[in-house]
Number of protein chains: 2
Amino acid sequence: MKKTMAEVQVVRPSSDQRESGRLQVLDTIRSAGRIARIDIAQATGFSPATVTAITSELLAAGLIEESSSDDQPSETRRGRPRVTLKLRGKAHRIAGLKVAQRTITMLIVDFEGKTIVDHEMEFPTARVSPTELVDRILKIVDATCRKGGFDRTGLSGLGIGLPGQINSVSNFVHWSSSLLERNVELGALLAQRLPFPVFVDNDANLVAKAEHLFGKGRESRNFLVVTLEFGVGLGIMIDGEVYRGQRGCGAEFGHTKVQLHGALCQCGQRGCLEAYVGDYALLREANGVTVGEPYTDVAQLVAAARGGDQVAMSIFERAGAMFGMGLANLINIFDPDLIILAGRSHNKRHIFLDAAVTRAMQSVVQVDAPPPEIRTHGWGDLMWAKGAAAYAIEKVSGLTVKDVTRNAS
Amino acid sequence: MKKTMAEVQVVRPSSDQRESGRLQVLDTIRSAGRIARIDIAQATGFSPATVTAITSELLAAGLIEESSSDDQPSETRRGRPRVTLKLRGKAHRIAGLKVAQRTITMLIVDFEGKTIVDHEMEFPTARVSPTELVDRILKIVDATCRKGGFDRTGLSGLGIGLPGQINSVSNFVHWSSSLLERNVELGALLAQRLPFPVFVDNDANLVAKAEHLFGKGRESRNFLVVTLEFGVGLGIMIDGEVYRGQRGCGAEFGHTKVQLHGALCQCGQRGCLEAYVGDYALLREANGVTVGEPYTDVAQLVAAARGGDQVAMSIFERAGAMFGMGLANLINIFDPDLIILAGRSHNKRHIFLDAAVTRAMQSVVQVDAPPPEIRTHGWGDLMWAKGAAAYAIEKVSGLTVKDVTRNAS
DNA sequence: AGAATTATTTTGACAAGTAAAATATTTAAT
DNA sequence: ATTAAATATTTTACTTGTCAAAATAATTCT
């Protein structure tokens, strides 16, 4: 009679061992889209026998299905034809949500990652109290579900991306530019009110996840995502996992120093990269010397630069140089094979992006191996939300795979 | 009859699965020094039964032994007393070797990491041909063995650390400041001439390994090692593994840019950290303005600064500021729990190290969690060699554990 | 001496994975 | 059309690593 409640809910140390095979196969199928069992064996290193066993479990659980697609008859070989497998979209509906400055964007995808509905809501204030944020989230969740013709209970999970320092293990928000308070148990607050699991993470990390699952980082296990929006963000993917550092927060690339005693940053320090390339930094500089009407949007500044305005051109020139320097530093430190530049409106910015990339490549230490590839990827709020959904899909997959019973015959 | 040679030497995909448990236990014992089975179970998550099975194999293989140390009777508890296990030093003799500018330092340790002999040789030229380097290495290997009273065949492995870009998987040297040629198959060249396996890696990575196995990084799985000698090096330990980037080369922290259009670096680019804090950079700057006898050693410059020389003080001031900036950037990106500053003569340099650390801590983005610890660790050439030995121990452990037969009863 | 306590080993069972054989389904050749 | 060859998948029988529970061992406390 000595057992306490705490002792009872002991975690079995072997439980993750079992499901690892299933999860690995599921991930392989996801990243391939359609793939035959024999190729899964090839990709995972499992024997065909094991692949048969695992896939039959996943089939029985309804997570995957045989795809009798006549799209690609592939190279018509001899022998028994391969049966390709794919994720079963209907298995789950999963939501992703991006909290931006004044808008919240949400979208719901199926288990394959195909968008079912999306929705966007505008709010008057950027920074709100925790309870207010929870209310807003509940509101958009219900609104989006209604738009899709179902209700909350039709969802299997929700991923939330917001800027700031977030511990994604505990769904805890150390700090966010969307919240008035520090140290918010956002995950716990939402879990009380929603009938499905909620996963919170820094938005740059979610971009990395999304690129890994659906995007340009699908073939790569080591890549970086640099986001350029209001601020500068960094997602680090190492060996297929998002690297989060010791304290569980995202990498603070934006506050990397690129100039001793440099420009003043939002964070109160000097010489931060963000203080040269962030939206507010560009506007601040322009309005500091312009006598007429002040700029209110970077787009105006871009237009001015395109029109030959010396001040605007000079500002973008320096921003490009600084950003290139930051990129070069990342490359020199990480030696990734791919860097993805993701941002809302890269078309607007490519004036300085191109220069930055060029400069970065020049500033990389020469090796005999080829330098990393740098790709840009335009990201609207919808894509950020999709990143959140991608994260939730991964999490839900992990949870679901645990419940798969082992008696598929 | 269709099988080719390539098909025959197929790698069994399961072979590493078997040994992983053994290796994990071995690593646990190593990092603990002395540890009882029950604590191994605790630390690894294996059940006591499994620990018994694995340790009995390792005992039978002679890799570990029961330590009847009366040193620490520990807290005298009731119940059956724990039997502590430790590595068996006699199991292997392993060598580590550091190639520096004009010296090669080697030391031989036992399997516990205890030094048996060490030896150092001076050479007239810093950069040599591959064959010359191989000859030098063979010479010091034999000399050190002789000093220890045995010969080459008494060794089980050799780790070699040298500066430069090195692929440690293939023991291939892309470039090194010690070699006249690029792209040298150093590992293969040595393997032909030596009766034991050879492992080559970048020296900063080896410091990371050494700190992980024996030093200040023993409790941490995520830490950085910054080396400050002739140049600046960085070793990245992520989740207990040295991160090597996509192309397998070390991180090039020294060529991280800290100033746009900055000082000219050895590498031909401008604004590299190394161009502000490396030995040659300090001397260059001092000699650029001093009219009298030029400085030839950083020690002289340090003395001058201590003596109140304005030029010298100013140089160290800037070096400190730049180095602090570099450190802050690392912290902002990696969020490690520990940074180890390792260098030959930190006593000489602490003038600017202290300032650098202070500045770095000021420049870190504030989180609620405590900032990372920064520790300094003086490293002579002997310690670098020990790092190489640590790396070789790890590799040899991996190889040996594969050969352990499963019939210890 | 006996009870209580803690560490280790033994035992028996089981899950996960494999190799090899069997089966299925196709194309190519006769 | 039939057979052979090729390739994919499944079944079968076995190995291995791991664990829970029981047994055993070696202490201290009473």
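In what follows, chains carry the letters A, B, and so on, assigned in the order in which the sequence lines appear, proteins first and then strands, with residues in each chain numbered from 1.
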### Task
Ignoring hydrogens and angles, tell me if any N or O in the side chain of A:Asn202 forms a donor-acceptor pair with the backbone of A:Ile166 under 3.5 Å.
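Between the backbone of A:Ile166 and the side chain of A:Asn202 there is no qualifying donor-acceptor contact (under 3.5 Å).
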### Task
Examine distances only and state if a side-chain atom of A:Tyr243 and a backbone atom of B:Phe334 form a donor-acceptor pair shorter than 3.5 Å.
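Side chain of A:Tyr243 to backbone of B:Phe334, a donor-acceptor pair under 3.5 Å: yes, one is there.
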### Task
Give the angle between the helix axes at the two ends of the helix from C:dA1-D:dT30 to C:dT30-D:dA1, taking five base pairs at each end and rounding to 10°.
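The end-segment axes of the helix from C:dA1-D:dT30 to C:dT30-D:dA1 are tilted 10° relative to each other.
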### A:Lys114 and A:Val109, any side-chain heavy atoms less than 4.5 Å apart
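Of all side-chain heavy-atom pairs linking A:Lys114 with A:Val109, none is under 4.5 Å.
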### Task
Quick one: list whatever passes side-chain hydrogen bond (donor to acceptor under 3.5 Å, both in side chains) with A:Arg30, sequence neighbours left out.
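Expected list: A:Ser397.
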### Query
Base, sugar-phosphate alone, or nothing: which one does B:Val51 contact when heavy atoms must sit under 4.0 Å apart?
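Touches nothing.
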### Plane angle bin for A:His212 and A:Phe223 - parallel if under 30°, tilted between 30 and 60°, otherwise perpendicular
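It falls in the tilted class, 30° to 60°.
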### Query
Think A:Thr50 has a side-chain N or O under 4.0 angstrom from the OP1 or OP2 of C:dG17?
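So the side chain of A:Thr50 is outside the cut-off, no N or O lying under 4.0 Å from OP1 or OP2 of C:dG17.
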Measuring from the side chain of [X] (C-beta onward, heavy atoms only), which nucleotide among [options] has the closest atom?
X	options	result
B:Arg82	D:dT7, C:dA7, D:dT18	C:dA7
A:Ala49	C:dT10, D:dC19, C:dA20	C:dA20
B:Ile38	D:dT10, C:dG17, C:dT8	C:dT8

Send over the distance from [X] [atom1] to [N] [atom2], rounded to a whole Å.
X	N	atom1	atom2	result
B:Gln42	D:dC19	CD	P	13 Å
A:Phe46	D:dT9	CZ	C1'	17 Å
A:Arg37	D:dT11	CZ	C1'	14 Å

### Task
List in chain and number order the residues that pass salt bridge (Lys or Arg N to Asp or Glu O under 4.0 Å) with A:Asp110, two or more places apart in sequence or in another chain; answer none if no residue qualifies.
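With neighbours one apart ignored, the set is empty.
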### Query
Who are the side-chain contact (heavy atoms from CB on, under 4.5 Å) partners of B:Ser170, not counting sequence neighbours?
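Only B:Asn167, B:Phe172 meet the side-chain contact (heavy atoms from CB on, under 4.5 Å) criterion with B:Ser170.
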Sort me out a list of protein N/O and nucleotides 24-26 of chain C N/O pairs below 3.5 Å, or just none if empty.
| residue | atom | partner | partner atom | Å |
| --- | --- | --- | --- | --- |
| C:dA24 | O4' | A:Arg80 | NH1 | 3.3 |
| C:dT25 | O2 | A:Arg80 | N | 2.9 |
| C:dT26 | O2 | A:Gly79 | N | 3.1 |

### Message
Can you pull out every salt bridge (Lys or Arg N to Asp or Glu O under 4.0 Å) where at least one residue sits in residues 58-68 of chain A? Sequence neighbours excluded, please.
### Response
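Every salt bridge (Lys or Arg N to Asp or Glu O under 4.0 Å) pair that includes a residue of residues 58-68 of chain A, provided the two are not neighbours, is A:Arg37-A:Glu66, A:Glu65-A:Lys86.
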